[in-house]
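Have a look at the structure below before the remarks.
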Amino acid sequence: MQHILDILGWVLSNIILLITIFIFTAYFLLAVFSAVTLRVYLRKNSYVDYNSIILSPLTPSVSVIAPAFNESRTIVENVRALLSLYYNNFEVIVVNDGSTDDSFNKIMQAYDLEKVNYFFDYRIPCQRIRGVYKSKNRSFYNLIVIDKINGGKADALNAGINVSHNQLICSIDVDSIMEPDALLKMVKPFLEETDKKVIGAGGVVRIANSSDIQGGQIKKVNLPRKFLARVQVLEYTRAFLMGRMAWARLDGLLLISGALGLFDRETVIKCGGYSIETVGEDMELVVRMRRYMSDNGEKYKVTYIPDPLCWTEVPSSLKVLGRQRNRWTRGTAETLLKHKKIFFGRKYGIFGLLGYPYWFFFEWLAPIIEFFALLFFLFYVIFSTPNWPFVILLFTFVYTFAVSLSIWAVLFEEMTYHKYERKRDVLKLIGTAFFEPFFFHPLTVAWAIKGNWDYLRGKKAWGKMDREGFKDSSAGKSEKPEKVLPGKESERETS
Amino acid sequence: MRLIINIRLFSSRYLVIMSLGIMFFLVVPDSLSFALRVNNHSSQGISEIESRSGNNMRIFFLKHVDFDQHTALIRGLIIVTIYSSISMIILLVFILFHRNQMESEERMRQELKEKYQSLLMDYLFNDDESAQTPNKISAIAADDFKRLILMEEMRDLIVNLSGDAADNLRKLYYRLNLDVDSRIKASSRKWHIKIKGFRELAFMNIKDANKEIVRCLHSNNSILRMEAQLAMVRLNDEDRFSFLDHLQRPFTMWEQINVHEMIVNHNLEIPKFKRWLNSSNKTVVIFSMKMIRVFKQKEAWMEIVRLLDDKDPEIRNNAIFVLGELRIKQAVIPLKHHYKSEIYENLLEIVIALGRISDLSALRFLIMVIDKEDDVQLQIEAARAIRDMGDPGEKALDKLMHSDYKNYKIIIKHVLDKRI
């Protein structure tokens with residue numbers, strides 16, 4: 001027994017410690033790299049006049065594809081916000097993915113829709129499209145509504161791609177709020193294309209819980225009142241401003257958020273569109289597109305815009321957040337294992353040599369290692385006497401480093417976009433950083449473990465996603481709808 | 001004011017260095033002393049270090065941590081822990097300080113901008129105050145920060161001015177010696193300062209710094225290169241677009257959009273873009289074709305038809321597109337001729353172009369496309385092209401719709417539906 005404990009002790013004090021240091025070093029380097037990249041981006045961007053894009057006859061055409069499943073309460077406002085995006089050459093394709101509520105009727109009435117003889121090719125397989133609708137009102141000439149049989153978010157996006165004829169497709173969540181100039185900013189990397197083909201561009205998704213929303217647009221950004229949502233603000237800030245910025249610069253970005261991504265339509269079609277086999281279709285598409293380009297020896301680029309372009313509501317209850325994280329974990333596992341060929345594949349460049357292994361070890365395996373480390377530690381505490389000063393030192397190290405990283409993230413936000421106008425909000429955010437490691441982080445580990453377990457069991461469900469709904473200050477009342485994200489399984493759960 | 005700006009620059013630029021520096025002085029001397037004893041962690045060594053320093057935290061760890069196995073790692077942990085703790089405090093103070101400073105600076109900048117704008121307007125349009133106003137403006141220009149704002153304001157103003165008012169503003173610019181500032185900026189080693197200089201020189205129409213701008217036309221920095229191109233378009237009266245003759249790098253769509261905007265917004269003389277249709281730079285050729293389309297320079301059609309034989313499919317694609325957009329009837333035969341040998345994307349473009357040209361001589365050819373091609377997209381575009389030929393086209397489609405040979409109903413219904 002003592003021998004086993006000695007081995008466990010050795011593992012705990014050496015391997016786990018080394019892994020921790022390795023992870024933290026990676027975080028630190030990514031943060032430094034992000035800071036430099038962000039600074040260059042902001043400086044360059046200060047000379048950009050996006051009006052040039054609006055006024056130009058040379059801009060590429062864009063189809064904004066918004067899959068909708070049971071969005072009855074917000075769909076009319078959200079579509080209106082999409083139609084008022086600043087861009088001169090775009091259409092909005094709303095895909096009603098077999099909603100069981102009155103979403104379709106509402107949008108039909110609000111925009112005076114009628115069925116048109118729209119013919120299209122199922123270039124990417126998707127569930128049957130029952131009809132394509134356009135507005136009788138010429139003001140909404142660029143609105144197309146597809147009514148189809150339920151097939152999940154990926155399937156709905158594929159239907160939208162089949163109907164679209166434009167050069168670029170922008171996939172969004174219909175319940176997200178896009179900044180009016182989001183398309184202008186996302187299109188720009190495609191305009192700057194040289195010898196490398198730009199196949200995708202991602203933008204920063206920010207959290208809109210507790211913010212003032214009017215007419216489907218953010219009027220005032222507030223920090224979420226609930227701790228659970230607030231802690232996700234920190235998490236998103238770290239991920240988007242510190243992580244993805246650096247990965248995009250290194251050419252190792254694996255994920256463009258499903259809430260907002262702009263892609264080259266032809267490349268997406270050649271790759272077969274969104275996969276309906278995974279719950280992480282956003283990540284899987286980017287990985288597959290990159291793999292396709294590398295396998296065909298084509299030079300390409302996946303870019304990333306650090307400007308806040310899209311606002312979303314994050315879960316503010318543990319139950320729903322747990323389901324979301326569980327799905328993210330399963331999506332990551334599915335994608336990484338499906339494309340394991342990329343792992344340290346030299347022909348994939350930084351993407352294969354750094355990007356993929358980083359996700360494999362730090363995003364997928366790290367919670368598992370952390371979980372087993374904790375088990376080791378508890379076992380050791382029960383059956384032996386740990387070196388307490390060392391334990392305290394280790395925990396202090398992890399805690400202080402994690403908190404300081406979060407505060408650096410807040411600084412990044414302050415030095416760049418400072419979306420939170422009130423000083424009190426910034427202080428609250430910093431305060432949250434001190435509590436996050438105790439209350440939130442252990443939960444994320446638990447959800448990741450559960451996600452991996454469910455993945456092993458072959459679970460494919462999206463999980464029911466109840467949300468509070470945005471409060472529209474112009475409406476003067478709070479909406480509290482129960483919302484189910486698009487997904488076959490969601491439908492199964494509700495029926 | 002200047003103090004605020006200086007503090008801001010200092011803070012943002014040196015924050016990291018400052019905190020690392022503090023760490024260095026707080027931690028590194030200790031860690032170096034540890035390093036000297038890396039293999040000797042006896043209590044004697046520890047007490048030696050203790051006696052040299054009164055750092056309680058360090059003493060605590062030295063007494064309680066087992067250094068026999070983890071010396072280097074533990075030292076690292078201690079250093080990072082202290083660094084993280086102190087950086088938290090520094091960042092907290094900095095974030096709060098930065099917020100106050102940013103707000104006050106923004107307020108001040110806004111106030112000054114409004115004030116200078118009204119002063120400049122007085123100078124340009126109000127004769128009564130014109131005697132005193134130049135002195136006030138001169139006083140402003142003596143201060144570095146205020147001069148910066150004044151320059152920005154003048155630059156914004158001149159965009160909307162023409163004739164005497166614009167000339168007067170330029171004279172004022174010279175009188176305040178702001179042109180010297182702009183030239184210094186244009187010669188700066190820093191690209192972002194250079195750009196400011198280029199912009200000021202271009203807006204104020206100062207041509208004697210063109211050499212510096214020409215040098216940057218081949219810069220590796222894409223944004224600097226573009227700004228140099230735009231400045232040349234503004235300043236080089238003799239041959240505004242001569243940079244296209246020597247452009248080696250790809251002329252990106254973003255650069256093209258900006259040059260086009262410059263032509264339109266400043267009513268610049270539009271050159272004959274067919275001059276660059278033989279450029280060795282593919283992107284310059286494509287840009288020229290786009291400009292030929294936008295500015296409807298139909299006389300270039302023969303040169304564009306020649307590009308249908310270019311070996312680059314993208315150039316051919318653009319040539320087809322432009323011929324269609326310009327509705328060049330003479331292009332129908334060459335387009336039909338090239339149909340046999342083209343790649344898929346260009347086949348589609350040919351069919352669309354024939355639709356735009358709407359020449360009845362292409363009717364039979366388009367019906368043949370519908371009949372012979374299996375690709376739905378080609379069929380749709382061919383049907384649409386036939387529809388665009390007016391009555392004869394619609395009659396032909398009606399006939400096709402009732403054909404027993406193939407089921408075209410859905411496709412033809414789609415193209416005849418005017419709501420789509």
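Order of the sequence lines fixes the chain letters, A, B, ..., with proteins taken first and strands second; residue numbering starts at 1 for each chain.
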Subject >> Spacing of OG1 belonging to A:Thr396 relative to CD1 belonging to B:Ile82, to within rounding of 0.5 Å >> reply: 11.0 Å
Original post:
Between A:Glu192 and B:Glu255, is any pair of side-chain heavy atoms under 4.5 Å apart?
Top reply: no
Subject >> Residues A:Leu393, B:Ile78; criterion side chain to side chain contact (heavy atoms under 4.5 Å, CB included); working and verdict >> reply: CA-CA 7 Å; A:Leu393 176 64; B:Ile78 294 168; 3.9 Å; yes
Original post:
Between B:Arg293 and A:Pro57, which heavy-atom pair has the shortest distance, and what is it?
Top reply: NH2-O, 3.7 Å
Subject >> chain B contact via A:Ile430 - which portion, at a heavy-atom distance below 4.5 Å >> reply: side chain
**OP:** Nearest 0.5 Å please: distance from the CD1 atom of A:Ile407 over to the CD1 atom of B:Ile95.
**Re:** 7.0 Å
**OP:** Check whether A:Lys136 gets within reach of chain B through its side chain, its backbone, both or neither, counting any heavy atom under 4.5 Å.
**Re:** neither
Original post:
Does any heavy atom of chain A fall under 4.5 Å from the side chain of B:Ile223, the backbone, both, or neither of them?
Top reply: side chain
Original post:
Quick one: what part of A:Arg123 sits under 4.5 Å from any heavy atom of chain B, side chain, backbone, both or neither?
Top reply: neither
**OP:** With a 4.5 angstrom heavy-atom cut-off, could you sort out which part of B:Arg249 is near chain A: side chain, backbone, both or neither?
**Re:** neither
**OP:** Please state whether the side chain, the backbone, both or neither of A:Glu193 comes within less than 4.5 Å of a heavy atom of chain B.
**Re:** backbone
Original post:
So, does B:Arg99 use its side chain to make a donor-acceptor pair with the main chain of A:Glu421 at under 3.5 Å?
Top reply: yes
Subject >> Which atoms of B:Glu227 approach chain A - backbone, side chain, both or neither, heavy atom under 4.5 Å >> reply: side chain
Original post:
Heavy-atom distance under 4.5 Å between the side chains of A:Tyr118 and B:Lys413, does that happen here?
Top reply: no
Subject >> Proximal component of B:His260, with respect to chain A [non-hydrogen, under 4.5 Å] >> reply: side chain
Subject >> Heavy-atom side-chain proximity of A:Thr400 to B:Val80 below 4.5 angstrom >> reply: no
Original post:
Got a second to check how far B:Ile195's CD1 is from A:Ser46's OG, nearest 0.5 Å?
Top reply: 7.5 Å
**OP:** Report, as yes or no, whether the 6.0 Å neighbourhood of atom CZ on A:Phe22 holds more than 12 heavy atoms from other residues, nucleotides or ligands.
**Re:** no
**OP:** Measure the spacing between CG of A:Asp49 and CG of B:Asn258 and express it to the nearest 0.5 Å.
**Re:** 8.0 Å
Original post:
Would you find more than 12 non-hydrogen atoms of other residues, nucleotides or ligands less than 6.0 Å from A:Lys185 atom NZ?
Top reply: yes
**OP:** Counting only heavy atoms closer than 4.5 Å, note whether B:Asn221 contacts chain A via side chain, backbone, both or neither.
**Re:** side chain
Subject >> Inter-residue atom distance A:Tyr399.OH - B:Ser85.OG, 0.5 Å rounding >> reply: 9.5 Å
**OP:** May I ask you to decide if B:His192's main-chain N or O and A:Tyr47's side chain share a donor-acceptor pair within less than 3.5 Å?
**Re:** yes
Original post:
Got B:His98 and A:Met415 here, is their nearest side-chain heavy-atom distance under 4.5 Å?
Top reply: yes
Original post:
B:Gln379 versus A:Phe119: any side-chain heavy-atom pair under 4.5 Å?
Top reply: no
Subject >> Which atoms of A:Phe434 approach chain B - backbone, side chain, both or neither, heavy atom under 4.5 Å >> reply: side chain
Original post:
Quick check: are there more than 12 heavy atoms from other residues, nucleotides or ligands sitting under 6.0 Å from OH of A:Tyr122?
Top reply: yes
**OP:** Any chance you could lay out the side chain to side chain contact (heavy atoms under 4.5 Å, CB included) test for B:Val294 and A:Leu58, step after step, and finish with the verdict?
**Re:** CA-CA 9 Å; B:Val294 170; A:Leu58 307 178; 4.3 Å; yes
**OP:** Please work out which of the three classes, parallel, tilted or perpendicular, describes the rings of A:Tyr50 and B:Trp254, given edges at 30° and 60°.
**Re:** tilted
**OP:** Could you give me the CA-CA distance, side-chain angles and deciding distance for A:Trp408 and B:Ser87, then say whether side chain to side chain contact (heavy atoms under 4.5 Å, CB included) is met?
**Re:** CA-CA 9 Å; A:Trp408 274 104; B:Ser87 74; 4.1 Å; yes
Original post:
What part of B:Ile380 lies closer than 4.5 angstrom to a heavy atom of chain A: side chain, backbone, both or neither?
Top reply: side chain
**OP:** Specify the closest pair of heavy atoms between A:Ser404 and B:Leu91, including all atoms of both residues, with the distance to one decimal.
**Re:** O-CD1, 4.3 Å
Subject >> Side chain proximity check, B:Thr81 to A:Phe401, heavy atoms < 4.5 angstrom >> reply: no
**OP:** Go through the side-chain N and O atoms of B:Glu261 and A:Ser52 and say whether any donor and acceptor fall under 3.5 Å apart.
**Re:** yes
Subject >> Check: B:Asp417 and A:Lys115 side chains under 4.5 Å, non-hydrogen atoms >> reply: no
**OP:** Could you tell me which of A:Val187, A:Leu55, A:Leu191 has the largest number of non-hydrogen atom pairs under 4.5 Å with chain B?
**Re:** A:Leu191
Original post:
So with a 6.0 Å cut-off around CZ of B:Arg387, is the heavy-atom count from everything else above 12?
Top reply: yes
Original post:
Is there side-chain contact between B:Leu92 and A:Leu427, with at least one heavy-atom pair below 4.5 Å?
Top reply: yes
**OP:** Check whether A:Val426 gets within reach of chain B through its side chain, its backbone, both or neither, counting any heavy atom under 4.5 Å.
**Re:** side chain
Subject >> Part of A:Lys44 lying under 4.5 Å from any heavy atom of chain B >> reply: both
**OP:** Show your reasoning for whether side chain to side chain contact (heavy atoms under 4.5 Å, CB included) applies to B:Leu96 and A:Lys423.
**Re:** CA-CA 8 Å; B:Leu96 296 177; A:Lys423 209 184 288 178; 4.0 Å; yes
